[in-house]
Amino acid sequence: MDVMPQQDPESRRPPEPSPQDPHDPDALPAEGATAVPPPPPTLRTTLRRAAFGAVAAGVLLAGALVAVPDGDRDAPKEPGPVERAEAAATAGSPASLSDLTALIGDRQKWVESHPADAPSWATLGSAYVEWGRRSADAAYYGRAEEALKRSLDARPGERGNGEAWVGMAALANARHDFLAAKRWGETVRKQQPKTWSVYPVLIDAYTGLGDQKAATAATEKFGELRKGVPALARTADLYRGQGWREDALATAREAADRATTPAEKAEALHRLGELAWERGEPEEAVAQFDAALRTDSGHHASLAGRARALVALERTDEALAAYQSAVTELPRPEYVLELGELYESLELDGDARSQYEKLGGLLEQAKAAGVDESVIRARYESDHGDPAVAVELLRGQWKKQHRSAAVADALGWALHRAGKSEEGLEYAQQAVDTGVRNASYAYHLGVIEQKLAQYGPARRHLEEALRTNPAFSPLDAPKAREALESLGEPSPGGPGDTQPPPPPPPAPVPEPKRESEPEQKPEPKRKQESPRPEAPAPAPSKTAPAPSKAAPSSPAAVEADASKSP
């Protein structure tokens, strides 16, 4: 098993590019670097080299047969970190951070003396993207862009450099520019439809744009071209986004069972932890996140997942420690916001303000590196700052066609917080209608409906939020319970907003003729003697069973009394 050595964060960072002049004629290739063939030689040179190579190969083979003992002949060479990282990339799986660091260092040295090596520049750029994403260091995205442009300068994409185009798509996704990622990816797919590596970046782009149909098609195509754990992982994520919990869980478990490398196994266990958390099973979530960290101690996203689950278990001290480790090792803005809200829920306002200030600094750094963190900033502004700013940010996202469930939910909530609940209702409903089982989305929709006096739907969605995950947020889960309690219990016959109170007894009327007896209204005395008055149906229906021996009250009486209902 690949076990990462215990190092401080700085020692795990990829080495800085060397200042050596890449055009120095005396520069030597880096040891262990993979060479790329130079321009094609002449035919005479090719034939001469082939003949010489055949003779040399025969001599070397004869010597090997004599010198190598039988016991060592079949022993495979142990792959080094660079080879392991390359194998992971070839399989579409994550590499460990230590192996990824080794790959970056190897390619940095190689391109210094081989500046025209387009594939190596593309590999280096893609590795920078992955490192920036895995370390939450947006500064590496600038290096990635430079390396990928060098690759395209050396060999344009139209001449077969699809790897660099895929790298540019991955970089656009990392910067949350999903429309650009879609353009890069679809260009590769159009020219090389059987290139499996383009489909993961297309899946991310379509998901960010909220195009479920295209994301589903890309996931299915990826599964056809690339069997195994990567395809299972993507399929599980697809099911999860559509709210198919059982299918997502079964597929994620299969991916975890079939994972082989520590990095791949840890990612699969982390996915199982997130699914358990979303189901409201914090004990199971903690167990899965702990297993991920035991498998790969560098999987710092599991620290944040573990912290969320510990909050639900009311193990607050452990949760704070886990969050603090997470934001130190992996300072993603969403983790810092979550820690600030945890402090706020504990009435530790000074610590909360410190985290919110740190969040502002991270968002500024991300913006300088070309990363669009509008959704995270809008979430902060909606609940802790200026909701009008949040609305402006999210309208901009919507105009960019970023119409995922996350953006729709955030925009609906921001509009509600800004006093525009009727407009916000449409977006909040759209987020829930995607099918994703997210307690926060249901909570936001329920609160908006309560504000608009839609008490039945509000009660239903607030109950759904707490049923999905009773501890979905240290700040919002208690508010959800308070909102639900304020609505009270529904009437025995139906929801409170569609079931008006019983009408008062009607005034005495002359007894009707015998032939109209089936339509006769009940006598006041019989209505008063009933132990519990029966409320009328929410609305007249042809399919509803007729009440025995009594007709409903007049429409005018029902309408008058319905106006008095909450």
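All residue numbers in this chain count up from 1 along the given sequence.
- The OG1 atom of Thr235 lies 11.0 Å from the CH2 atom of Trp244; values are rounded to the nearest 0.5 Å.
- Contact record, Phe222 with Pro200: CE1-CG, 3.7 Å, taken as the closest heavy-atom pair.
- Residues Arg460 and Glu449 are not paired through a salt bridge, judged by the lack of any N-O separation under 4.0 Å between the basic side chain and the carboxylate.
- Each of Lys358, Gln355, Arg379 was evaluated against Leu337; a single residue qualifies, Arg379, per the side chain to side chain contact (heavy atoms under 4.5 Å, CB included) test.
- Annotation: side chain of Leu320 is in contact with side chain of Leu339 (closest heavy-atom distance under 4.5 Å).
- Between Arg459 and Glu463 no salt bridge is recorded (no basic side-chain N to carboxylate O distance below 4.0 Å).
- No side-chain heavy atom of Asn438 sits under 4.5 Å from any side-chain heavy atom of Asp409.
- At least one side-chain heavy atom of Leu462 sits less than 4.5 Å from a side-chain heavy atom of Val447.
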Derivation of the side chain to side chain contact (heavy atoms under 4.5 Å, CB included) call for Leu272 and Leu249: CA-CA 7 Å; Leu272 287 172; Leu249 179 59; 3.9 Å; yes
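- No side-chain heavy atom of Arg279 sits under 4.5 Å from any side-chain heavy atom of Asn469.
- Other residues, nucleotides and ligands contribute more than 12 heavy atoms inside 6.0 Å of the CD atom of Gln212.
- Using modelled atom types and a 3.5 Å distance limit, the side chains of Arg377 and Tyr380 yield no donor-acceptor pair.
- Contact between Leu363 and Pro333 at its shortest, heavy atoms only, is CD2-CB, 4.1 Å.
- The OG1 atom of Thr251 sits 9.5 Å away from atom CG of Leu238, with the distance rounded to the nearest 0.5 Å.
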Step by step, would you call Gln242 with Thr216 a side chain to side chain contact (heavy atoms under 4.5 Å, CB included)? CA-CA 10 Å; Gln242 294 177 343; Thr216 300; 3.3 Å; yes
Between Arg133 and Tyr141, is a side chain to side chain contact (heavy atoms under 4.5 Å, CB included) present by the stated rule, with each step listed? CA-CA 9 Å; Arg133 187 184 67 84; Tyr141 296 149; 3.8 Å; yes
Full working for side chain to side chain donor-acceptor pair (under 3.5 Å) between His384 and Glu341: CA-CA 9 Å; His384 313 286; Glu341 291 182 340; 2.9 Å; yes
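- Here Arg395 pairs with Glu423 in a salt bridge; the nearest charged N to carboxylate O distance falls below 4.0 Å.
- Panel note: side chain Glu344, backbone Gly340; no donor-acceptor pair is recorded below 3.5 Å.
- Checked against the 6.0 Å centroid criterion, the rings of Tyr427 and Trp398 qualify as a close aromatic pair.
- Here the options are Asp372, Asp177, Leu179, Leu209, the test is side chain to side chain contact (heavy atoms under 4.5 Å, CB included), and the partner is Lys400; only Asp372 passes.
- Once rounded to the nearest 0.5 Å, the distance linking CG of Leu310 with CZ of Phe289 reads 10.0 Å.
- The pair Asp296-Lys265 fails the salt-bridge criterion, with no side-chain N (NZ, NE, NH1 or NH2) lying under 4.0 Å from an Asp/Glu carboxylate O.
- Arg271 and Glu274 are not joined by a salt bridge, as no carboxylate oxygen comes within less than 4.0 angstrom of a charged side-chain nitrogen.
- One N or O on the side chain of Thr328 and one on the backbone of Gln324 form a donor-acceptor pair closer than 3.5 Å.
- At a threshold of 4.5 Å between non-hydrogen side-chain atoms, the residues Glu464 and Thr468 count as touching.
- In summary, Lys367 and Glu364 do not engage in a salt bridge, as defined by a charged side-chain N under 4.0 Å from a carboxylate O.
- The nearest pair of heavy atoms linking Ala169 to Ala181 is O-CB, 3.5 Å.
- The nearest pair of heavy atoms linking Ala263 to Ser96 is CB-N, 3.7 Å.
- Counting only residues at least two apart or on different chains, the salt bridge (Lys or Arg N to Asp or Glu O under 4.0 Å) pairs with a member in residues 202-220 are Asp204-Arg234.
- In this structure, OG in Ser197 is found 10.0 Å from CG in Leu225, a value given to the nearest 0.5 Å.
- Across all non-hydrogen atoms, the minimal contact from Ile448 to Ser421 is CG2-O, 3.6 Å.
- Between Leu269 and His299, the closest side-chain pair of non-hydrogen atoms is not below 4.5 Å.
- For Tyr443 and His461, the ring centers are positioned 6.0 Å apart or more.
- Proximity of a side-chain donor or acceptor of Asn173 to a complementary backbone N or O of Phe178 within less than 3.5 Å is not detected.
- Rounded to the nearest 0.5 angstrom, Thr261 OG1 and Glu267 CD are separated by 10.5 Å.
- The structure places CG of Leu415 at 8.5 Å from OG of Ser382, a figure rounded to the nearest 0.5 Å.
- Side-chain polar atoms of His270 and Gln288 form no donor-acceptor pair below 3.5 angstrom.
- Residues His300 and Ser135 fail the side-chain proximity criterion, which asks for heavy atoms closer than 4.5 Å.
- Inter-residue side-chain proximity for Glu373 and Ile376 is flagged as met; some heavy-atom pair is nearer than 4.5 Å.
- Under a 3.5 Å cut-off, the side chain of Arg245 and the backbone N or O of Glu278 do form a donor-acceptor pair.
- When all heavy atoms of His402 and Val407 are compared, the pair lying nearest together is O-CG1, 3.2 Å.
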May I have the step-by-step check of side chain to side chain donor-acceptor pair (under 3.5 Å) for Arg353 and Tyr356, ending in yes or no? CA-CA 5 Å; Arg353 282 194 299 271; Tyr356 295 150; over 6 Å; no
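- Counting only N and O atoms by type, the side chains of Gln450 and Ser486 include a donor and acceptor under 3.5 Å apart.
- For the pair Arg134 (side chain) and Val129 (backbone), a donor-acceptor distance under 3.5 Å is absent.
- When the shell of 6.0 Å around CH2 of Trp196 is examined, it contains more than 12 heavy atoms from other residues, nucleotides or ligands.
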